[in-house]
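Chain A is the first sequence line, chain B the second, and so forth, proteins listed ahead of strands; every chain is numbered from 1. What you see is a predicted model; the values in this text were computed from it and never measured.
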2 protein chains.
Amino acid sequence: METESWDDIRAALAVARSGTVSGAAQVLDVHHATVIRRIDALEARLGARLFQRHARGYTLTEAGRLLLEAGAAAEARFSQMAARISGTGERIEGEITVTSVQGMSDLVMPRLVALMRQHPGLRLNYTTDTRLFRLDAGEAHVAIRAGAKPVEPDYVVSPWLRLAASLYASEGYLAQHGPVTDPSAHRFIIPGAESRPAPHMRWLAAHLPAANIAMISNDADARLAAIRAGLGLGWLLPGEVDDLTEVMSLPDWESQLWLVSHVDLHRSPKVQAVLKALRG
Amino acid sequence: METESWDDIRAALAVARSGTVSGAAQVLDVHHATVIRRIDALEARLGARLFQRHARGYTLTEAGRLLLEAGAAAEARFSQMAARISGTGERIEGEITVTSVQGMSDLVMPRLVALMRQHPGLRLNYTTDTRLFRLDAGEAHVAIRAGAKPVEPDYVVSPWLRLAASLYASEGYLAQHGPVTDPSAHRFIIPGAESRPAPHMRWLAAHLPAANIAMISNDADARLAAIRAGLGLGWLLPGEVDDLTEVMSLPDWESQLWLVSHVDLHRSPKVQAVLKALRG
DNA sequence: CATGAACTGTGCGAATATGCACAGTGGAGG
DNA sequence: CCTCCACTGTGCATATTCGCACAGTTCATG
């Protein structure tokens, strides 16, 4: 009777999120039969159905929604705890999680590689995503952010690099369209809506209509391929590639990057080592 | 690597609370060896020690304190969830948790017994304690409270009984000390500090010095035994026993009782049935 | 309407975790 | 200083759980 299992809750949370038992099993890295059994047990203990079973998946009941809330809250709390525990150690070892906006790896990785060589006990987790990671939810130890200075309380923020993206074109494009003097005579290849706050994107939106946009993609490789194919002009960081020609560069396009850590972890040797390596 | 177990956290929480592996094992109803293994696994995954091992028990490290916080928060969230799930059902069955101040069982139990007979699918959990249970933490479905009207938001409060404790004495005591006319000529047997807000206790504190107190005990049976032995006068509810004599009763000693439920559960048939049974 | 894909659900053998017995440890008390 | 006691820690047999294979169901698609 009093037998209680938090792992059953964890399993149910995964099912609630993915909508299917199979998907949850994949996330949890167990067999789907195990997930079914855990949920059966949990429902029996709670005395209520959490899901409406269906041959194509599970949908949440009212009770299931309550579980989703409670489970998600606990998960956030646990991952925050794990990050703080693994972050507050006095030694520079164990896992270190660094998050960044996409497209920084050429800049970031050499420095992090040097850090790893210096401290062989470190395990690096470098994750990029368009969404911002929440340091207080334990999703990262150090975050690299672009744009306005982050103002969240409990975050320690220090300025890092100022980067100026430049406009690039392929040789074939230039041979066909001639040199770039008036931007409105050209078409552009740009990232998705999540990059709209970037300086060069604001400049584009302010100066040219939508008709000048040839392609939108959130995939950097796809954009690069498009530029190489001569579909239009695109912004890259200087030195990112060597087979394209820089055709334009404005001081307005300069963007500030920030190094961000959580106040609880900022003083720890490990986080300090990461920050130093990045500043290096 | 990605293997994670919330049950390990649960085990560590129990150890953090009890201070010993054995105590935790007792609470969790598993063997103490199991608890040791779970904690070893959890610490290995977190890459940090949660406890300082000792032949006499485990003491918390800084990381352990973080775990205690996170684990306790999750546990509270889970039990709240369980209460809401088992409470919001449309049918009157499953577990129902009623909490009350001590000494009410003669009053409460007959009504709850009638409720149970009416709904055989119910499992009753009737818990009394000096501390107040938190309905929003899922510790109870219905609470009986004494004193000032509870004002917590999200609580649905309705007045229940007004009880007036009376002063009782044993025959032996009266034979020795004569009838009670001036209270200051007598000594008293009273409950502990947690009952100080009760009306008759406030009256006592206001009218008589500490010298008139013969005995303090939070155990009702012990107080009753003391009164029966003639150690002094004590307050009881009328009808509680039949071998003692009521010697004094003041309207000031009347105390209001409240029936309290959480707003999320109050409309459910099960909680409504409990409230009706208690009011009946 | 037939086919296929993706999912849920269950019996059975294998892997895993559990309980037990016993050894080891350190502090309290006389 | 010694004994006792409550606790932690570990091999081993066992019980429980897990993964696998396969059956059954539903829905999308041509």
How close or far is atom C1' of C/dG27 from atom CD of B/Q52, stated in whole angstroms? 16 Å
Close N or O pairs between protein and nucleotides 12-14 of chain D (under 3.5 Å):
none

Residue from B/D136, B/D264, B/V263 passing side chain to side chain contact (heavy atoms under 4.5 Å, CB included) with B/D154: B/V263
Considering only nitrogen or oxygen atoms on both sides, find all protein atoms under 3.5 Å from nucleotides 4-9 of chain C and state each distance.
residue	atom	partner	partner atom	Å
C/dT8	OP1	A/V21	N	2.5
C/dT8	OP2	A/V21	N	3.4
C/dT8	OP2	A/S22	N	2.9
C/dT8	OP2	A/S22	OG	2.7
C/dG9	OP2	A/Y58	OH	2.3
C/dG9	N7	A/H32	NE2	3.3
C/dG9	O6	A/H32	NE2	3.1

Closer than 3.5 angstrom, by distance alone: can the side chain of B/E43 be matched with the main-chain N or O of B/L50 as a donor-acceptor pair? yes
Would you find a donor on one side and an acceptor on the other, under 3.5 Å apart, between the side chain of B/Q52 and the backbone of B/L60? no
Holding to side chain to side chain contact (heavy atoms under 4.5 Å, CB included), I want the full list of residues that pass it with A/A11, two or more places apart in sequence or in another chain. A/L28, A/R38
Would you please test B/T20 and B/V15 for side chain to side chain contact (heavy atoms under 4.5 Å, CB included) and show each step? CA-CA 6 Å; B/T20 69; B/V15 173; over 6 Å; no
Find the distance A/L28:CG to D/dG19:C1' and express it as a whole number of Å. 15 Å
What is the separation between atom CG on A/D7 and atom P on D/dT17, rounded to the nearest whole Å? 13 Å
Hey, what's the ring geometry for B/F78 with A/W6, parallel, tilted or perpendicular (30° and 60° as the breaks)? perpendicular
Taking the side chain from A/K270 and the backbone from A/S86, do they hold a donor-acceptor pair closer than 3.5 Å? yes
Starting at atom CG of A/D8, determine the distance to atom C1' of D/dT16, rounded to an integer number of angstrom. 14 Å
Using atom CZ of B/R38 as one end and atom P of D/dT10 as the other, report the distance to the nearest whole Å. 18 Å
Taking the basic N atoms (NZ, or NE/NH1/NH2) and the acidic carboxylate oxygens, is any pair closer than 4.0 Å for B/E75 and B/R17? yes
